[in-house]
Amino acid sequence: MKFDAVVIGGGAAGCAAAGRLFDAGMKVCLISAGLTMEDENTDPWKENRALAQRGVTVLRGDRATGAVLEGDRVLSVQTACLDDEPLCARVFVLATGKFFSRGLLSDMQRIYEPVFGADVAYLPGRENWYDPDFSAPQPFLGFGVKTDAQGRVSIGGKCIENLYAVGGIVAKGAAEADMDVIVETYAGK
Amino acid sequence: MQESNISAGNLEQCLKCNLCTLVCPMMAVNAHYPGPKKAGPDGERYRLKDPQYYDYALKYCLNCKRCEVACPSGVKVGDIIQAARLRYAGHNLRDWALANTDLVGSLASPFAPVVNGVLGLRPVKTLMHSWMGVDAHRTFPAYSARKFTAWMRRQDQSAFRRFVTFFHGCYVNYNYPQLGKDLVRLVNAAGYGVHLLEKEKCCGVALMSNSMGEQARRQGAVNLASMRKAIAAGEEILCASTTCTFTMRDEYPHVLGLENADVRPHLFLLSKWLYQKMESGELSLRFRSDLHLKIAYHTSCHMQKLGWRNFTLELLKKIPGVEIVEMEQQCCGIAGTFGFKKEHYTYSQAIGGRLFDEIGAARVELGAQSDPGFVVCTECETCKWQIEMSTGAPVMNPVSILALALA
């Protein structure tokens, strides 16, 4: 399926991004792992639904599993359900959040971003990830993807031209994407 | 992904976050049901120690798989519950009769007018309610006097050079051959001939829900063997029902232990196959422009789990002049044979209540209160029975809508 923009992650940041791009006249796909809650006032599920009603293609209950890149550009992403139907777009926004939403995964040695394998800023050595004092500020909460000044993600040290990050996935101190810049660069073309 | 470990269904990955409990449709209406977390990964730890811990309230699970869709940790909550029911729960005569769709269909079909008449009689319904436990509110879908397979045998498909294989399922064969005929017409219009499987058995979903795992496994093995032959001949397998599709793609390996990795990528819902063929330019269809349908699209639970509803929606949007409103993605409450059992009827209707209200509201929103052009669209046959009974709105499979729209 072809879109102007694919937003990966249907939480607060992803919904805001999808809404902004849609309002700029772009054809938007939002991949959201969430399902409907009984309580209709629980954001961001309510927001997912509102976006779908406005015309955003919301893939609810699905999650991105991988991407196809060419040089320094993302061409498409795949999801768990659409493993043979690539979602193609000109610009991609990564908004998958941190650990609980599986934006970041960890094993004994490393912390990584599973969809693109994007560069993650974190402290080496597992013992440095957390403070044994439970109520102390926890270092792992500041970990996230590295971005350039425009909020673009890098893979293997190379900036990916059309992959932006917003929300909790962005490392502490790194720049989040400015949606106005994305709209300026990609909308209406 | 952290999805490999030693226990079936990924149970160790459960963080006890209770998102599954929050989305479970049964949980919202039935205090006797322990909920997916407790019935699934929590209960499984006990059952592994001692089968006596099996809780008979697991019968309330709808097998809608919404818990699995919601789980952030990849725990196969629904599969764990389903597997436990297959291992520990029993079934009675009623469950056996409801689950054996193939056998009952074959017996009923030759006497369809009589059977349909008798099953609709009030005294018969009352008797079935009190003796068998089939709820008197329900009417069995009418049996067709002529099976789909009998009709299909007379269709000459020899003019085509490319073929697909159609898994018709019990509902098309015994109850509603028109859906199968619509599919054949649509696929023929797309330039493909239709073959049937060498041997087709019920996909087994009703058997699984009624704890008849062995029989389901045998039938699944027959289906897979026939599908492998079709695939070897270069044909994709198409289904019209989300439930059959989902069962054969995902429950065969996860619940029945039937290896299907070679078949799975060739098993399609018609809308997915058609969309991908049209998008790749391999075929095109022309639709008429005078079909002014107003469609309320209902995502069945298994469609939700498959994640393919956009294929259907995108295809429907290609028909000029149709208006589509998407219903909120929630369960209609019938869950196959579940809703036919009298002890489940009130839960079934309580779960579906919000959807029925929404369909009513959509009808008003589309300005179609008295318009014959209003239709609810869904790929699941049991959702169709439930929605037709509970709202009075006609329900069509998108296959039939697309066939109707052919120029």
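In what follows, chains are A, B, ... by sequence order, proteins preceding strands, each numbered from 1.
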Let me check something: any side-chain donor-acceptor pairs from residues 19-34 of chain B under 3.5 Å, sequence neighbours excluded? List them with distances.
{"residue": "Thr21(B)", "atom": "OG1", "partner": "Asn18(B)", "partner atom": "OD1", "Å": "2.5"}
{"residue": "Asn30(B)", "atom": "OD1", "partner": "His32(B)", "partner atom": "N", "Å": "2.8"}

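Here side-chain hydrogen bond (donor to acceptor under 3.5 Å, both in side chains) pairs that include residues 15-27 of chain A, with residues two or more places apart or in two chains, are Arg20(A)-Asp180(A), Asp23(A)-Arg54(A).
Residue contact with chain A, scored on non-hydrogen atoms closer than 4.5 Å, involves the side chain of Leu15(B) exclusively. Of the two parts of Lys272(B), only the side chain, counted from C-beta on, holds a non-hydrogen atom closer than 4.5 Å to a non-hydrogen atom of chain A.
Atom CD of Glu127(A) is surrounded by more than 12 heavy atoms from other residues, nucleotides or ligands within 6.0 Å. Around the NZ atom of Lys318(B), the shell of radius 6.0 Å holds more than 12 heavy atoms that belong to other residues, nucleotides or ligands.
Residues of residues 240-254 of chain B having a heavy atom under 4.5 Å from any heavy atom of chain A: none.
Contact record, Leu306(B) with Cys81(A): O-CB, 3.0 Å, taken as the closest heavy-atom pair. In plain terms, the two heavy atoms of Asp84(A) and Gln276(B) that are nearest each other are O-NE2, 3.5 Å. Across all non-hydrogen atoms, the minimal contact from Arg309(B) to Val58(A) is NH1-O, 3.3 Å.
For the atom pair CD (Glu85(A)) and CZ (Phe311(B)), the distance works out to 4.5 Å, reported to the nearest 0.5 Å.
Taking Lys172(A) as the reference, nothing meets the salt bridge (Lys or Arg N to Asp or Glu O under 4.0 Å) condition, with sequence neighbours excluded.
Under the 4.0 Å criterion applied to side-chain N and carboxylate O atoms, Glu326(B) and Arg60(A) are not assigned as salt-bridge partners.
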